[in-house]
Number of protein chains: 4
Amino acid sequence: MSSTKASHVSSINASGLEAVMLVDKRQRRLAAGQDPAKRQQILEGANRVFSHLGFDAASMNDITREAGVSKGTIYVYFDSKEELFMELCNHYREVLFVNIYNFLEDDGDLREALIGFGSALAELITSDVVISAQRGVIGVAERMPSISREFYERGPKRGQAKLRGLLDRNVATGVLDIPDTELATYQLVDLFMSGMFKKRLYGCMEGPPSQELIRRTVTAGVDVFLRAYRPS
Amino acid sequence: MSSTKASHVSSINASGLEAVMLVDKRQRRLAAGQDPAKRQQILEGANRVFSHLGFDAASMNDITREAGVSKGTIYVYFDSKEELFMELCNHYREVLFVNIYNFLEDDGDLREALIGFGSALAELITSDVVISAQRGVIGVAERMPSISREFYERGPKRGQAKLRGLLDRNVATGVLDIPDTELATYQLVDLFMSGMFKKRLYGCMEGPPSQELIRRTVTAGVDVFLRAYRPS
Amino acid sequence: MSSTKASHVSSINASGLEAVMLVDKRQRRLAAGQDPAKRQQILEGANRVFSHLGFDAASMNDITREAGVSKGTIYVYFDSKEELFMELCNHYREVLFVNIYNFLEDDGDLREALIGFGSALAELITSDVVISAQRGVIGVAERMPSISREFYERGPKRGQAKLRGLLDRNVATGVLDIPDTELATYQLVDLFMSGMFKKRLYGCMEGPPSQELIRRTVTAGVDVFLRAYRPS
Amino acid sequence: MSSTKASHVSSINASGLEAVMLVDKRQRRLAAGQDPAKRQQILEGANRVFSHLGFDAASMNDITREAGVSKGTIYVYFDSKEELFMELCNHYREVLFVNIYNFLEDDGDLREALIGFGSALAELITSDVVISAQRGVIGVAERMPSISREFYERGPKRGQAKLRGLLDRNVATGVLDIPDTELATYQLVDLFMSGMFKKRLYGCMEGPPSQELIRRTVTAGVDVFLRAYRPS
DNA sequence: GATGAATGAGTATTCATTCAT
DNA sequence: TATGAATGAATACTCATTCAT
């Protein structure tokens with residue numbers, strides 16, 4: 001299962017995004033700034049550059065080179081470097097988190113469901129792509145608060161809500177005994193990646209954690225959670 | 001006790017740092033780059049600017065203006081913008097974390113000790129100063145990994161080690177039953193500030209959390225931890 | 001003959017260099033840093049500024065203003081101020097010395113040939129353009145020895161070699177009796193411009209010497225040389 | 001004889017300049033900017049720095065360090081960096097050329113006298129100290145023409161006059177047959193150091209020429225001169 | 001519509017000069 | 001009087017943005 005997810009993260013660029021490229025090639029020419037394939041091409045180049053360098057150190061020339069489009073063209077699609085960055089964040093947020101919530105639909109065993117979702121989430125959030133994105137977004141949080149806020153609210157927070165729904169349902173059926181499910185959700189998500197998230201963010205863990213480490217951490221986290229919140 | 005600490009964080013600038021400024025004014029003049037008061041003045045200005053703008057967007061001119069010193073003077077005290085930033089990180093790390101570990105020396109009630117330490121740590125880490133510092137450091141992690149890594153290793157990681165000592169001692173005496181205390185330490189620290197840390201980092205929580213919210217979150221976290229790891 | 005050359009030196013900027021500017025204007029646009037006219041424009045501005053101020057005192061802003069190009073453009077054509085200066089030296093060396101050696105091909109009367117070549121060389125070397133270049137190059141000789149060395153080796157030294165060839169041929173045919181033609185060549189070149197070169201270099205002679213003065217000095221020098229080295 | 005001169009050049013700093021330091025130590029304190037020893041100390045430091053770096057690249061801090069005086073003190077003795085440089089040039093010109101004309105007083109053999117004087121002059125002018133000074137002076141000739149002009153007029157030119165006197169006397173007595181002794185003087189001086197002066201100035205000859213090379217060059221030059229101007 | 005050469009305000013850093021001690 | 005810390009204008013160089021082609 002988590003091996004399925006593994007391909008999820010790493011193939012984001014290839015599959016998740018190209019869907020948008022199904023352009024109607026019949027029309028002779030697209031209006032300025034209207035070709036989704038070109039837009040996509042720019043976003044992908046920008047992503048590679050911003051990921052490696054961060055917002056400030058990335059130059060529009062770098063992006064130009066990486067995307068294979070001219071400077072002028074970029075400015076037709078995006079008003080400024082800042083807007084390009086914001087759109088990039090929005091874009092990836094949509095794409096990355098789109099499939100992750102399926103794990104929560106399952107009505108099978110609670111522990112299994114939590115471990116499955118937790119593993120997928122932990123893998124995604126500690127992946128190179130997402131760590132870079134988070135760093136970029138956190139780095140400009142002070143200057144462009146809306147970007148990072150939105151990133152969080154539409155990304156992690158939405159996951160939180162879905163997860164909370166699952167917990168609520170289990171509280172209702174008496175499987176769990178949780179006084180404050182909002183707080184418990186935060187706790188559970190943190191427990192999913194204890195010892196991995198911060199290390200990754202600060203660069204103290206070189207690459208993404210192994211499947212095995214993720215599985216071990218998530219399992220331990222879920223068990224702590226269940227021992228604490230299962231009715232005695 | 002934690003209320004004592006509360007003043008600790010918010011008065012860092014006023015109390016913690018000015019101690020150094022008690023310079024013997026009798027001596028003729030201080031050597032170039034040797035006046036601690038001036039050094040402090042520069043660090044404080046730099047802190048304000050870096051906090052608001054991040055490393056890249058902050059200009060030395062901004063810092064000059066904010067610190068009220070001339071450009072030349074800054075370069076007498078710090079070799080470069082980068083060094084100034086690193087020194088700032090080191091400085092605050094030293095000052096901020098210096099007193100926090102006292103809570104772990106207590107040999108009183110375990111739950112009380114954890115709640116005391118957790119509250120102090122959560123307050124510190126979600127404070128404006130420290131959030132800004134973390135953002136700055138995370139923002140440049142891709143390009144200057146040594147800075148952020150060092151920040152983590154000398155800050156959070158050191159706290160982790162101290163806390164783990166306490167857990168180990170309680171496992172030895174049979175008060176706790178923990179298979180992997182390293183992992184458990186990470187879990188506990190995350191539980192201290194579930195729902196607060198990320199929100200703060202991403203700018204989704206405007207100011208620092210209230211004393212009351214901290215206390216509530218920490219207590220809930222500690223209780224989850226103890227329920228999960230207390231021998232049945 | 002030397003009057004033909006006279007126009008050579010003073011019209012260098014107008015004629016010698018603009019030849020390159022005959023660009024085919026049909027092509028769409030020239031690649032960055034590839035337009036010879038613009039390159040020339042920058043070199044001419046730089047020449048004016050470096051000539052008046054020397055390498056260090058000349059600022060890139062001055063050159064920007066004088067050349068009528070933007071700073072960015074200069075940096076597309078030349079990597080640095082230093083490189084611009086070196087290219088300028090190379091450029092003028094090539095252009096200025098290109099036609100001077102024709103006088104040495106002549107197989108007419110030796111005295112006439114020496115006077116013709118000496119006049120052309122003296123006029124060139126004491127011209128405003130070349131005096132400025134030499135000053136610039138000598139001024140940085142201590143710090144950037146490669147520039148000035150190259151200037152000498154590709155400029156004066158090469159002329160020396162050609163001239164020595166002529167002397168060698170005349171020694172072989174018994175027209176001259178010279179024990180050391182290398183030294184004799186240096187002597188002859190110095191005799192060409194005795195009393196003019198140093199005065200010009202040190203700024204003691206305001207403008208370039210008159211045609212008449214050059215002719216007189218060169219003739220006298222050649223006669224000294226021939227009296228000394230003609231077989232008795 | 002030329003070995004005596006050799007020590008002349010290399011001991012300039014030690015002997016020639018300290019004479020000025022014979023200060024009357026009885027007076028309690030010297031007026032600001034009036035202590036010749038301190039002035040000398042500054043000039044020596046400045047000389048070392050300007051020689052190695054040239055006018056522009058030399059910083060007042062370098063001079064401060066090298067001279068062992070404070071910045072303020074330098075500005076008491078010299079109004080500006082520029083004035084310091086000018087004074088330095090004047091100073092060294094006086095000292096260096098002061099003893100060289102003794103060779104011209106001799107009323108012995110003409111050839112011997114010319115070789116003696118020529119050797120001393122060539123050694124002096126191609127010495128490290130004087131080459132550095134000339135480079136410095138030539139490098140700023142465009143911006144500060146008075147400095148370099150004065151350097152030439154009081155240095156080389158004055159020597160020229162003395163030498164011309166000797167030639168004139170020999171023309172009067174029929175030993176030489178020279179139509180234009182002014183020009184002949186320039187020719188003779190150039191012949192003294194053919195192949196050495198320019199090479200040294202442009203940095204194509206690493207250190208000062210050997211005694212042997214000087215002797216050889218001067219002798220050859222004098223012989224050319226005499227063959228050309230001795231009455232047949 | 002797409003291009004990329006040109007622009008010039010902005011950057012970090014240096015250094016001649018001043019002036020409080 | 002001598003000092004050297006402080007100043008801030010000036011420097012070489014970069015890069016987001018524009019606009020002629």
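Every chain is numbered from 1, with letters handed out A, B, ... down the list of sequences. Everything quoted here is computed from the prediction, not taken from an experiment.
Atom CZ in D:Phe55 sits about 13 Å away from atom P in E:dC15, given to the nearest Å. The separation between B:Asp35 atom CG and F:dG4 atom P is 16 Å, rounded to whole Å. Atom CD1 of D:Ile63 and atom C1' of E:dT17 are 13 Å apart (whole Å). Summarising the geometry, the separation between CZ on B:Arg65 and C1' on E:dG10 is reported as 13 Å, rounded to the nearest angstrom. Going from atom CG of D:Leu53 over to atom P of E:dC15 covers 10 Å, rounded to whole Å. Between the CZ atom of D:Arg39 and the C1' atom of F:dT1 there is a distance of 18 Å, given to the nearest Å. When the P atom of F:dA5 is taken as reference, atom CZ of B:Phe78 falls 16 Å away, rounded to whole Å. The OH atom of D:Tyr77 sits 19 Å away from the P atom of E:dT17 (whole-angstrom rounding).
Seen from the ring of A:Tyr77, A:Lys38 does not count as a face-on cation partner, given the 6.0 Å and 45° thresholds.
At least one donor-acceptor pair under 3.5 Å links the side chain of C:Gln41 to the backbone N or O of C:Ala67.
Across all strands shown, F:dT7 pairs with E:dA16; the Watson-Crick or G-U wobble distances both stay below 3.5 Å. When both distances must be under 3.5 Å, the Watson-Crick or G-U wobble mate of E:dT21 is F:dA2.
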Can B:Phe50 and B:Lys81 be said to form a side-chain contact (heavy atoms from CB on, under 4.5 Å), step by step? CA-CA 11 Å; B:Phe50 282 134; B:Lys81 186 186 179 186; 4.2 Å; yes
Detail all sub-3.5 Å separations between protein N/O atoms and N/O atoms belonging to nucleotides 9-11 of chain F.
from	atom 1	to	atom 2	distance (Å)
F:dA10	N6	B:Lys71	NZ	3.4

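Salt-bridge check for A:Arg143 with A:Asp56: passed, with a basic side-chain N closer than 4.0 Å to an acidic carboxylate O.
In plain terms, the two heavy atoms of B:Gly203 and A:Arg149 that are nearest each other are O-NH1, 2.9 Å. Across all non-hydrogen atoms, the minimal contact from D:Glu87 to D:Leu43 is C-CD2, 4.4 Å.
Looking at C:Leu53 and D:Glu142, their side chains never come closer than 4.5 Å, going by heavy atoms from C-beta outward.
At the phosphate of F:dA5, neither OP1 nor OP2 sits under 4.0 Å from any side-chain N or O atom of B:Thr73. Between B:Ser70 and the phosphate of F:dT7, there is a side-chain N or O to OP1/OP2 separation shorter than 4.0 Å.
Here C:Thr64 lies out of heavy-atom contact (under 4.0 Å) with every strand.
Taking for each of C:Asp79 and B:Val69 the nucleotide of DNA chain F with the nearest heavy atom, the 5'-most of the two is the partner of B:Val69.
The side chain of A:Tyr75 lies closest to F:dT18 when the candidates are F:dC13, F:dT18, F:dA2.
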